[in-house]
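The structure under discussion appears below in the form of structure tokens.
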Amino acid sequence: MAKELAKAYNPKEVEDRIYSFWLKGRYFHAEIQKDKKPYTIVMPPPNITGQLHMGHALDNTLQDILIRYHRMSGYDTLWVPGTDHASIATEAKIVEAMKKEGLTKEDLGREGFLKRAWAWKEQYGGRITEQLKKLGSSCDWERERFTMDEGCSNAVKEVFVSLYEKGLIYRGERMINWCPHCLTSISDAEVEYEEQAGHFWHLRYKLTDGSGYIYLATTRPETLLGDTAVAVHPDDERYKDMVGKTVILPIVGREIPIVADTYVEPEFGTGVVKITPAHDPNDFEVGLRHNLDVITVMTEDAKITEDYPKYAGMDRYEARKAIVKDLEAEGALVKVEDYSHNVGTCYRCGTTVEPRVSKQWFVKMKPLAGPAIKAVEDGQTKFVPKRFEKVYFHWLNNIRDWCISRQLWWGHRIPAWYCDDCSEITVSKETPTACAHCGSTHIHQDPDTLDTWFSSALWPFSTLGWPENTPEFEHYYPTNTLVTGYDIIPFWVMRMMFSGIEQTGKVPFDTVLIHGLVRDEQGRKMSKSLGNGIDPLKVIDEYGADALRLMLATGNSPGNDMRFSDKKVEACRNFANKLWNASRFVHMNIDDYDIKNELPSELETEDKWILHTLNNVAKEMNENIQSFELGIAVSKIYDFIWDCYCDWYIELAKARLQGEKAQSARQVLVWVLDKALKLLHPFMPFITETIWQTLPHADNGETIMLEAYPTYDESLCFEDAATRMEIVMEAIRAIRTRRSEMNVPPSRKAKVYIATEKKDVFEGGTPFIIKLASASEVEIGSEFEIDGAVTIVTSDAKIYIPMEELVDKEAELARLNKELAATKKLLSQSEGKLNNPGFISKAPEKVVETVRGQAAKEREKIELIEAAIAALK
RNA sequence: GAAGGCGUAGCUCAGUUGGUUAGAGUACUUGCUUGACAUGCAAGGGGUCGGUGGUUCAAGUCCACUCGUCUUCACCA
């Protein structure tokens with residue numbers, strides 16, 4: 001069967017079949033195994049509105065590599081998948097769809113709307129998880145969770161109530177970021193700032209006592225309607241006498257005070273600021289300090305309220321124009337300047353955020369941030385790369401209270417009830433029937449829902465059954481590795497940290513593996529608006545999931561952004577094909593024989609060399625993966641398979657497969673391929689499984705997924721044989737190079753004379769020199785005198801190839817002299833080091849030894865070259 | 001304004017705790033229908049590791065300064 005394997009690897013033929021095979025075998029499923037060490041990852045839950053993009057592909061590839069590696073390494077491995085309800089995104093999507101039918105949320109009512117939202121979730125919510133399967137993600141689908149499922153909802157209520165009871169959740173009237181389009185509050189982290197061209201309107205306010213004017217400037221003249229003061233810096237000499245006086249607010253005619261506050265920068269502008277406590281966060285603070293009135297002048301959708309009939313109903317930008325015009329008419333406008341400034345926008349819809357005073361629920365952050373900072377400082381949780389700890393600390397050190405209420409319906413409803421009689425709040429996990437304070441039954445629940453991130457923050461433990469002390473929670477928590485992009489450290493990582501510590505008393509994971517963004521070929525961020533996003537599913541379709549995974553796992557280092565390019569995926573696809581064909585070669589040579597996956601009792605030098613090399617690769621890969629150097633790890637097995645196994649071992653074996661030692665060659669071919677497939681499996685699961693299943697392996701092995709990951713094996717260390725092999729390989733390369741330089745085609749064979757002191761090494765290597773260096777015959781001796789021969793010198797031999805018609809004695813001499821000079825230069829460098837007393841006394845023994853050996857080789861080589869030159873003359 | 005990243009071959013990027021003559025992929029040049037693979041094989045050219053100074057026996061790697069570039073956070077109305 002294997003002999004009929006297609007000439008090129010076709011991932012489409014195998015991927016779906018293999019994935020179903022894995023599912024059917026339930027190999028992804030975790031059952032608690034108390035005798036094994038657990039290894040747990042919780043998947044960052046993609047939004048149910050989402051489509052798989054390159055970011056997910058990268059994130060999940062890295063997780064799958066870690067999971068598969070640990071599963072093969074004997075851990076009780078659990079990868080919990082799931083999705084996020086994404087309150088604001090989902091609600092926006094549904095409202096939009098309803099709009100097309102001419103419906104609004106209010107038309108359906110809360111219940112009707114939620115019914116519709118759940119239906120939408122049922123229909124589309126699983127789309128992204130299906131897409132994740134195409135990547136080969138080996139998550140435990142039987143444990144798939146959703147942030148709004150019953151368990152997660154219980155956890156949310158539990159946490160809300162507990163934080164409320166500890167006084168860490170409060171309701172208060174604060175300045176919050178309000179999105180006039182989404183009609184909800186959003187948290188500080190959800191505001192994105194962008195530079196916008198605007199204007200600076202310079203105004204003058206008349207002092208009430210008629211002593212003149214005070215000059216100031218604003219970027220938002222429309223907020224003037226809500227001004228309740230003008231502020232200057234207390235130490236500003238220019239205005240010292242004015243503090244305490246009042247001015248007349250233009251248009252409105254209100255008399256407002258001039259107050260002194262250090263918030264004002266005397267250097268900036270005129271050093272005078274108009275204060276609108278209801279519509280600017282800084283002004284709000286000033287207002288609190290000076291006991292100013294808070295006058296809201298805008299409605300929720302950012303239109304001027306009925307309190308100002310002249311402008312009522314105008315949106316903020318219309319009102320701005322109208323007010324500027326009126327200011328001008330009144331003579332209050334001094335001048336207009338162009339001015340570019342940063343404006344906060346809603347991360348979801350891009351609408352300019354309107355700061356607004358409103359009653360919202362907040363989490364008190366200071367007491368929660370402290371332990372979260374300490375946990376990372378103490379190393380209970382480590383960031384990889386470490387530098388991202390700074391980002392984490394920066395956020396936590398500068399954190400403000402977290403606004404968690406959202407004026408949305410899709411989400412976890414806030415478990416708080418208000419009493420219509422005594423106005424007290426009852427917070428409870430269970431729906432109360434009466435006010436906890438006065439016993440009145442006239443209570444109503446808060447209409448708001450919680451920030452999506454409130455439930456995501458609990459994900460590492462809510463998915464394991466918390467607040468119940470389930471066996472899963474007991475066994476798999478704390479989780480091990482959290483894999484995510486640096487862009488969501490403030491949104492998510494930080495919140496999981498303080499939530500985990502506060503609720504469970506333990507950090508939620510020991511390591512945070514941070515990766516960068518996948519950018520487009522020109523290095524731009526992939527975005528919907530640019531339309532430059534690359535669909536991972538299309539890439540999988542064209543090149544295969546393994547190729548995509550390999551591309552994502554290599555070519556960049558942790559935490560750095562990477563560029564996507566077809567060329568890179570193509571190179572990875574070629575590697576898959578290379579491996580496929582190597583396996584095809586193995587099959588062609590073993591299928592007619594009885595081959596077991598075990599090493600022969602007698603090993604040849606080349607066998608020892610490949611085993612020795614493989615053994616070192618296994619050792620290093622384990623180290624690399626354990627320290628999260630996944631890209632380095634996979635490049636090692638890539639190089640091994642391509643350069644060592646294919647380009648050398650298979651070629652070496654070809655000579656042997658015709659002779660009497662064929663059987664042992666077959667055994668080694670299979671054995672090494674088997675190990676190499678296992679080493680590669682976490683990175684390229686589909687092709688490795690496919691090939692592995694066709695190879696001889698122990699009867700109990702159903703899947704490579706559950707095979708042991710190869711580790712270092714003392715008995716496979718063949719230092720000496722490996723060196724002997726390398727000597728022969730060096731000679732082969734040297735001969736090839738010379739032939740190539742002289743444009744001799746491989747078809748033109750020539751006899752090769754090797755003068756060496758290591759005769760046995762070259763005797764063993766003779767068949768390889770014949771096969772791989774186009775030699776017709778090899779003669780080995782101590783010294784040769786040959787006229788008109790091409791001369792090649794390696795560190796261990798002088799090689800002559802008699803090809804008289806090609807030999808230009810002069811050129812040959814020139815080349816040897818050049819090489820002599822180069823080698824002498826190297827030697828003088830080495831000797832320079834060795835003659836340096838500082839080097840000898842301070843460098844480690846190992847390094848000194850290496851340089852000594854090097855110098856010795858160089859001396860030897862110089863002797864050989866000199867002898868060759870003498871012979872030529 | 002603050003913090004951080006990046007600068008290594010034409011291009012995209014590796015380079016692990018400082019330690020042989022700095023690597024890969026791709027592109028380029030040359031030669032090969034070599035019974036696994038042209039999605040391939042063999043060989044080659046191409047780098048003063050952004051610059052200057054310092055630490056060290058030893059610097060692409062550590063430190064200081066500097067130039068260029070990108071990102072995040074903050075922000076003065």
Side-chain angles (χ1 to χ4, degrees), chain A residues 5 7-9 193 200 216-220 223 231 263-276 280 282-283 286 341-342 385 387-388 390-391 393-395 398 486-487 489-490 516-517 521 523 525 543 547 551 554-557 559-565 567-568 570-589 620 623-624 627 629 631-632 635 638-639 646-647 650-651 654 733 736-741 743-747 771-772 774 822 825-826 829-830 833 836-844 846-848 850-851 853-855:
Chain A
L5 286 177
K7 233 178 146 179
Y9 173 57
Y193 289 87
F200 223 9
L216 52 80
T218 177
T219 54
R220 300 204 56 196
T223 60
Y263 151 69
V264 181
E265 286 282 339
E267 310 302 320
F268 188 82
T270 58
V272 184
V273 187
K274 68 192 238 352
I275 300 295
T276 321
D280 180 281
N282 292 312
D283 293 7
V286 175
H341 59 141
N342 275 337
R387 70 181 130 95
F388 288 102
K390 285 194 182 168
V391 179
F393 289 138
H394 181 257
W395 274 93
N398 295 292
Y486 57 73
D487 50 333
I489 292 173
L517 268 41
E521 205 148 4
K525 221 163 158 172
Y543 299 99
M551 184 257 156
T554 40
N556 80 324
S557 48
N560 285 349
D561 292 353
M562 68 188 306
R563 295 186 194 203
F564 179 90
S565 91
K567 279 263 183 296
K568 287 190 204 171
E570 209 176 297
C572 294
R573 188 269 320 261
N574 293 352
F575 173 67
N577 191 54
K578 185 75 185 173
L579 174 60
W580 180 257
N581 275 292
S583 311
R584 226 158 57 90
F585 172 83
V586 171
H587 270 296
M588 290 172 126
N589 285 284
E620 291 172 23
E623 290 164 1
N624 288 142
S627 43
E629 295 157 353
I632 294 172
S635 70
Y638 177 103
D639 289 344
C646 294
D647 289 346
I650 285 184
E651 294 307 322
K654 277 177 185 171
R733 284 195 200 98
R736 282 170 171 172
T737 302
R738 287 297 292 128
R739 291 180 56 108
S740 181
E741 274 169 10
N743 275 326
V744 185
S747 54
K771 175 93 177 51
L772 301 179
S774 305
K825 197 179 161 199
L826 287 178
Q829 278 172 13
S830 306
K833 284 181 193 171
N836 179 344
F839 179 72
I840 298 295
S841 60
K842 287 186 183 167
K846 212 179 138 190
V847 176
V848 177
T850 312
V851 176
Q854 209 176 300

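Just so it is clear: chains get the letters A, B, ... in the order the sequence lines come, proteins before strands, and each one is counted from 1. All values derive from a computational prediction rather than experimental measurement.
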In this structure, how many angstroms lie between the [atom2] atom of [N] and the [atom1] atom of [X], rounded?
{"X": "A/Leu517", "N": "B/C6", "atom1": "CG", "atom2": "C1'", "answer": "15 Å"}
{"X": "A/Phe393", "N": "B/A3", "atom1": "CZ", "atom2": "C1'", "answer": "14 Å"}
{"X": "A/Ile650", "N": "B/A36", "atom1": "CD1", "atom2": "C1'", "answer": "7 Å"}

- Message: Taking B/A9 as the reference, what is the distance to B/G47 when you measure between their C1' atoms (whole Å, please)?
- Response: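 Comparing C1' positions in B/G47 and B/A9 gives a spacing of 5 Å.
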
- Item | Inter-nucleotide P distance (B/C70, B/U12), Å rounded | 14 Å

- Query: Would you call the rings of A/Trp580 and A/Tyr9 parallel, tilted or perpendicular, where under 30° means parallel and over 60° means perpendicular?
  - Reply: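 Plane angle between 30° and 60°, so tilted.
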
- Task: Check whether any side-chain N or O of A/Lys274 sits under 4.0 Å from OP1 or OP2 of B/A77, and answer yes or no.
- Result: no

- Ignoring backbone atoms, test whether A/Gln829 places a side-chain nitrogen or oxygen under 4.0 Å from the OP1 or OP2 oxygen of B/U20.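 For A/Gln829, the contact criterion (side-chain N or O under 4.0 Å from OP1 or OP2 of B/U20) is not met.
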
- Item | Contact nearer the 5' end of RNA chain B, comparing A/Gly271 with A/Ser830 |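 Here A/Ser830 is the residue nearer the 5' end.
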
- Query: For every nucleotide of nucleotides 37-50 of chain B, 5' to 3': is a protein heavy atom under 4.0 Å from its base (B), only from its sugar-phosphate (S), or from neither (-)?
  - Reply: BSBSSSSS------

- Message: Across nucleotides 67-73 of chain B, 5' to 3', mark each nucleotide with B, S or - according to how protein heavy atoms within less than 4.0 Å reach it.
- Response: -----SS

- Query: What nucleotide among B/U16, B/G5, B/U20 has an atom nearest to a side-chain atom of A/Thr850?
  - Reply: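 Of B/U16, B/G5, B/U20, B/U20 is nearest to the side chain of A/Thr850.
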
- Note on the structure: Of the candidates B/A36, B/G25, B/C32, the side chain of A/Pro746 sits closest to B/C32

- Task: State whether A/Phe585 and A/Lys654 meet the cation-pi test: NZ (Lys) or CZ (Arg) under 6.0 Å from the six-membered ring centroid, and within 45° of the perpendicular axis.
- Result: yes

Atom pairs and distances, side-chain donor-acceptor, residues 264-276 of chain A, under 3.5 Å, sequence neighbours left out:
| from | atom 1 | to | atom 2 | distance (Å) |
| --- | --- | --- | --- | --- |
| A/Thr270 | OG1 | A/Tyr215 | O | 2.7 |
| A/Thr270 | OG1 | A/Val272 | N | 3.4 |
| A/Lys274 | NZ | A/Thr223 | OG1 | 2.7 |
| A/Lys274 | NZ | A/Asp227 | OD1 | 3.1 |
| A/Lys274 | NZ | A/Asp227 | OD2 | 3.4 |
| A/Lys274 | NZ | A/Thr276 | OG1 | 3.2 |
| A/Thr276 | OG1 | A/Asp227 | OD1 | 2.5 |

Dump every N/O contact between nucleotides 53-58 of chain B and the protein below 3.5 Å, one line per pair.
| from | atom 1 | to | atom 2 | distance (Å) |
| --- | --- | --- | --- | --- |
| B/C57 | OP1 | A/Lys842 | NZ | 2.1 |
| B/C57 | O2' | A/Asn836 | ND2 | 2.7 |

- Message: My validator wants the stems of RNA chain B: runs of 3 or more consecutive Watson-Crick or G-U pairs, both distances under 3.5 Å, written as range with range.
- Response: B:1-7 with B:67-73, B:10-13 with B:23-26, B:28-32 with B:40-44, B:50-54 with B:62-66

Write down the protein N/O and nucleotide N/O pairs, taken from nucleotides 13-15 of chain B, whose separation is under 3.5 Å; answer none if there are no such pairs.
| from | atom 1 | to | atom 2 | distance (Å) |
| --- | --- | --- | --- | --- |
| B/C13 | OP1 | A/Arg563 | NE | 3.3 |
| B/C13 | O3' | A/Gly555 | O | 3.3 |
| B/C13 | O2' | A/Gly555 | O | 2.6 |
| B/A14 | OP1 | A/Ser557 | N | 3.3 |
| B/A14 | OP1 | A/Ser557 | OG | 3.3 |

- Neighbour count above 12 (heavy atom, 6.0 Å) for A/Lys567 NZ: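 12 or below, so no.
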
